[in-house]
Amino acid sequence: SSVTHRIRYESWLASRGLMLSPFHVRWQTTMFNRLFAYCAHINPRALYLWFNSGLVFGIAAMVGSVVLLVKTLQQTYAQMTTDNPRIGGQQTLQVVVPGVNLPTSQLAYFFIALLLSGVIHELGHAVAALRESVRVNGFGVFVFVVYPGAFVDLFTTHLSLISPAQQLRIFCAGVWHNFVLCVAALGLLFLLPVLLFPAYTTGGGALVTEVVQVSPAGFSLFGLVFVSLGKTLHPPWLVMVVRGPRGADCMAASLLSVCTRAAVATL
């Protein structure tokens with residue numbers, strides 16, 4: 001019967017840690033519990049200082065978040081009660097809406113960043129919980145509509161028996177690890193020129209990084225390098241020698257006027 005098939009189907013999903021509902025898919029597993037336990041016992045003294053730092057940061061971040069929310073509410077109210085266009089662009093916090101204020105070409109990076117930050121966030125909760133002798137039932141990931149995320153399932157009975165300070169260390173561990181991830185990502189971003197320097201050459205010319213849309217050259221010059229500018233044997237034509245994927249080429253003066261600005265900007 002249909003009831004029997006539904007029971008079998010739900011049992012099959014539960015045995016694999018899956019849960020399906022409208023606009024929501026979730027998967028949970030215990031395969032990472034041993035890794036969490038290992039991380040929670042690496043260096044007890046260092047972890048104690050680490051999660052206490054997270055507790056202080058979490059409290060400070062909570063106060064800062066309340067201030068930002070109040071300021072955003074004030075700005076939103078001001079936008080609703082005035083016609084001044086300058087106030088409309090002064091929003092402190094903005095909701096990221098794919099396709100509206102986030103280009104669709106960057107959606108893959110956005111969702112990967114969301115999932116990575118979610119995993120690091122929950123890793124912090126799991127390690128902090130095990131350090132405070134709170135059992136971790138499992139770890140999982142989910143997709144709600146199109147947004148990915150992660151979660152940890154903690155044993156709430158153990159959580160309710162520990163002290164408020166221990167609970168705060170667990171609760172603040174997630175945002176603390178997100179902050180550390182953000183600092184590490186910013187550090188890597190600023191160090192990229194140094195790390196990637198051996199893969200690039202310098203002093204070879206002026207790289208065309210942008211071509212205006214009204215240019216007759218279109219986007220054919222993007223990524224090319226200006227090597228030299230000069231006159232041919234047939235004046236009044238000017239030519240520019242560029243280096244691209246096909247080697248050295250010469251282009252007419254009609255393209256020079258629309259590309260000189262991009263070349264000079266990168267000299």
Side-chain angles (χ1 to χ4, degrees), residues 17 24 26-76 91-96 109-144 147-191:
H24 186 204
R26 191 178 77 168
W27 173 70
Q28 182 175 339
T29 181
T30 59
M31 68 173 61
F32 300 107
N33 285 11
R34 186 171 297 179
L35 174 63
F36 297 150
Y38 172 78
C39 294
H41 295 88
I42 291 178
N43 189 326
R45 178 61 181 172
L47 287 178
Y48 176 78
L49 295 175
W50 176 260
F51 288 113
N52 275 332
S53 300
L55 187 153
V56 174
F57 173 80
I59 295 175
M62 180 178 62
V63 174
S65 299
V66 172
V67 172
L68 286 176
L69 287 174
V70 170
K71 188 175 181 180
T72 302
L73 287 174
Q74 291 175 343
Q75 292 172 343
T76 303
Q91 195 78 15
T92 302
L93 298 177
Q94 291 186 354
V95 178
V96 177
Y109 303 111
F110 176 67
F111 290 136
I112 291 173
L114 274 182
L115 183 59
L116 177 61
S117 63
V119 170
I120 297 299
H121 182 100
E122 299 304 330
L123 171 65
H125 285 313
V127 175
L130 289 172
R131 189 194 166 279
E132 303 296 345
S133 300
V134 175
R135 190 177 74 193
V136 175
N137 295 326
F139 165 84
V141 293
F142 66 88
V143 176
F144 180 71
Y147 290 93
F151 67 93
V152 288
D153 181 15
L154 302 181
F155 191 53
T156 55
T157 302
H158 289 173
L159 191 61
S160 62
L161 294 176
I162 60 178
S163 67
Q166 291 176 300
Q167 293 178 5
L168 277 176
R169 278 195 286 268
I170 296 174
F171 297 150
C172 295
V175 68
W176 169 238
H177 280 75
N178 283 143
F179 173 74
V180 173
L181 176 64
C182 182
V183 172
L186 285 175
L188 179 62
L189 178 64
F190 287 118
L191 288 176

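Minimum interatomic distance between Ala40 and Arg131 (heavy atoms only, all atoms of both residues): CB-N, 4.1 Å. Scanning both residues, Ala173 and Ala128, for their nearest heavy atoms gives CB-CB, 3.7 Å. Pairing each heavy atom of Val127 with each of Cys39, the nearest pair is CG2-CB, 3.9 Å. Across all non-hydrogen atoms, the minimal contact from Gly149 to Leu115 is O-CD1, 3.9 Å. Contact record, Asn178 with Ser117: ND2-O, 2.9 Å, taken as the closest heavy-atom pair. For the pair Ser53 and Trp176, the tightest heavy-atom approach, listed with the atom from each and the gap, is CB-CZ2, 3.9 Å.
Inter-residue side-chain proximity for Leu154 and Val136 is flagged as met; some heavy-atom pair is nearer than 4.5 Å. In this structure, Phe171 and Leu159 have side chains that are in contact, with non-hydrogen atoms separated by less than 4.5 Å. With contacts defined as side-chain heavy-atom distances shorter than 4.5 Å, the pair Leu123/Phe32 does not qualify. At a threshold of 4.5 Å between non-hydrogen side-chain atoms, the residues Trp50 and Val180 count as touching.
Side-chain N or O atoms of His121 include none that pairs as donor or acceptor with a backbone N or O of His177 at under 3.5 Å. Judged by distance alone, the side chain of Glu132 and the main-chain N or O of Gln167 form no donor-acceptor pair under 3.5 Å.
Annotation: the span from Lys71 atom NZ to Leu69 atom CG amounts to 12.5 Å, rounded to 0.5 Å. Atom CG of Asp153 sits about 12.0 Å away from atom OG1 of Thr29, to the nearest 0.5 Å. Distance check: Phe179 CZ to Phe57 CZ gives 5.0 Å after rounding to the nearest 0.5 Å. The CD1 atom of Ile162 sits 4.0 Å away from atom CD1 of Ile170, with the distance rounded to the nearest 0.5 Å. To the nearest 0.5 Å, the span separating CD on Gln28 from OG1 on Thr30 amounts to 8.5 Å.
Atom OH of Tyr48 has 12 or fewer neighbouring heavy atoms from other residues, nucleotides or ligands inside a 6.0 Å radius. Surrounding OH of Tyr109 are at most 12 heavy atoms belonging to other residues, nucleotides or ligands under 6.0 Å away.
Between the side chains of Arg135 and Asn137, at least one donor N or O lies within less than 3.5 Å of an accepting N or O.
Relative orientation of the Phe142 and Phe151 rings is tilted, given thresholds of 30° and 60° on the angle between their planes. Relative orientation of the Phe144 and His24 rings is perpendicular, given thresholds of 30° and 60° on the angle between their planes.
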